[in-house]
**Student:** 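Would you mind keeping the following structure in view while I ask a few things?
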Amino acid sequence: MRVLITGAAGFLGSHLCDRFLAEGHSVIGMDNLITGNTQNIAHLAGNPDFHFIRHDVTNHIFVKGSLDAVLHFASPASPIDYLKFPIQTLKVGALGTHNTLGLALGKGARFLLASTSEIYGDPLVHPQREDYHGNVDAIGPRGCYDEAKRFAEALTMAYHREHGLETRIVRIFNTYGPRMRLDDGRVVPNFIGQALRGEPLTVYGDGSQTRSFQYVDDLIEGLYRLLLCDFVEPVNIGTTEEMTILQFAHIVNEITGNAAGIVFKQQDRIKGDPQTRRPDNSRAKTVLGWEPKIPLRDGLPPTIAYFRGVV
Ligand code: UDP
């Protein structure tokens, strides 16, 4: 296949490029680098099957030649990033999705949208199944991301229904691993960075909010299977290994041997921060034969090793 991956210089985009290249495909990576980093794809320089184009996908996209798949992964994706770039976040979810869908249609390519567990907002149903419609505050600080992705899902389904475009939608739950940006503000890089510097970990609120952290390799496997299958409805990809943020802080301190402990930052918890998050991933099991294989305690060491190199 010849595939276009938007957001190719980001955390997930760069791992996707690696996977498609490893499978023998040819990859065009596209990124405007507002939150991505070319370091993430530096190892691909000189690979004849990889080509990088610096471009903002909210503008018209031109790609020479045929395409078999378009994977739309461009977007700021951490709360700090989308608070910093709220308009770009809305534009890449809306205009960027429109442009990438139009490109896929024009090329006769299959389309995969990177959606998110944020679709469910601060959920009133737990765990979250794909048929739950969510509890989203459109005008809250996280609204720019949540609504952009909700619109992107709606537009993707419209292209499928109206044009018969082959589309796939993945709802990605919290994912961690090498190449996350140290300063992206998310809990995994924050805690590991703090632990490696011997600082106390900053727990926002009282730490009772939960998340379920999946290792990036598990996600990439799910994405690859999803693209190749024939299932059009959204599919959650995430682990059911749920824990409180306080428990997670203790695990990071334990594994890194950080003796500086924890500080609670009540005021740093942003409005609308979901209190619970855990996927019901039974659809992925049934449709893709996929389930997460890498428990947190196996995924953290390579992640910590990566951050050691950048701290
Ligand atoms: N969080 C925290 N300390 C930090 C960063 C984040 O306690 O230094 C909390 C945050 O309030 C949220 C959870 O960790 O409840 C996960 O936040 P993250 O930014 O990683 O992503 P989210 O899952 O909210 O999109």
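For reference, positions follow the sequence shown, starting with 1. Order of appearance sets the numbers: ligands from 1, and atoms from 1 within every ligand.
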**Student:** Counting the benzene-type ring for Trp, do Tyr204 and Phe264 have ring centres under 6.0 Å apart?
**Tutor:** no
**Student:** Looking at Phe111 versus Tyr159, is the centre-to-centre ring distance below 6.0 Å?
**Tutor:** no
**Student:** Would the number of heavy atoms belonging to other residues, nucleotides or ligands and lying under 6.0 Å from NZ of Lys265 be above 12?
**Tutor:** no
**Student:** Indicate yes or no for a side-chain donor-acceptor contact from Arg211 to the backbone of Pro274 under 3.5 Å, with no hydrogens or angles considered.
**Tutor:** yes
**Student:** Under a 4.0 Å heavy-atom cut-off, what residues line ligand 1?
**Tutor:** Pro79, Glu118, Arg142, Asn174, Gly185, Arg186, Val187, Asn190, Phe191, Thr202, Val203, Tyr204, Gln209, Arg211, Ile245, Asp273, Arg277
**Student:** Can you check whether Tyr120's main-chain N or O pairs, donor with acceptor, with His133's side chain at less than 3.5 Å?
**Tutor:** no
**Student:** Start with the C-alpha distance between Asp18 and Arg179, add both sets of side-chain angles, then the distance that settles salt bridge (charged side-chain N to carboxylate O under 4.0 Å, His left out), and finish with yes or no.
**Tutor:** CA-CA 12 Å; Asp18 287 347; Arg179 301 189 199 149; 2.8 Å; yes
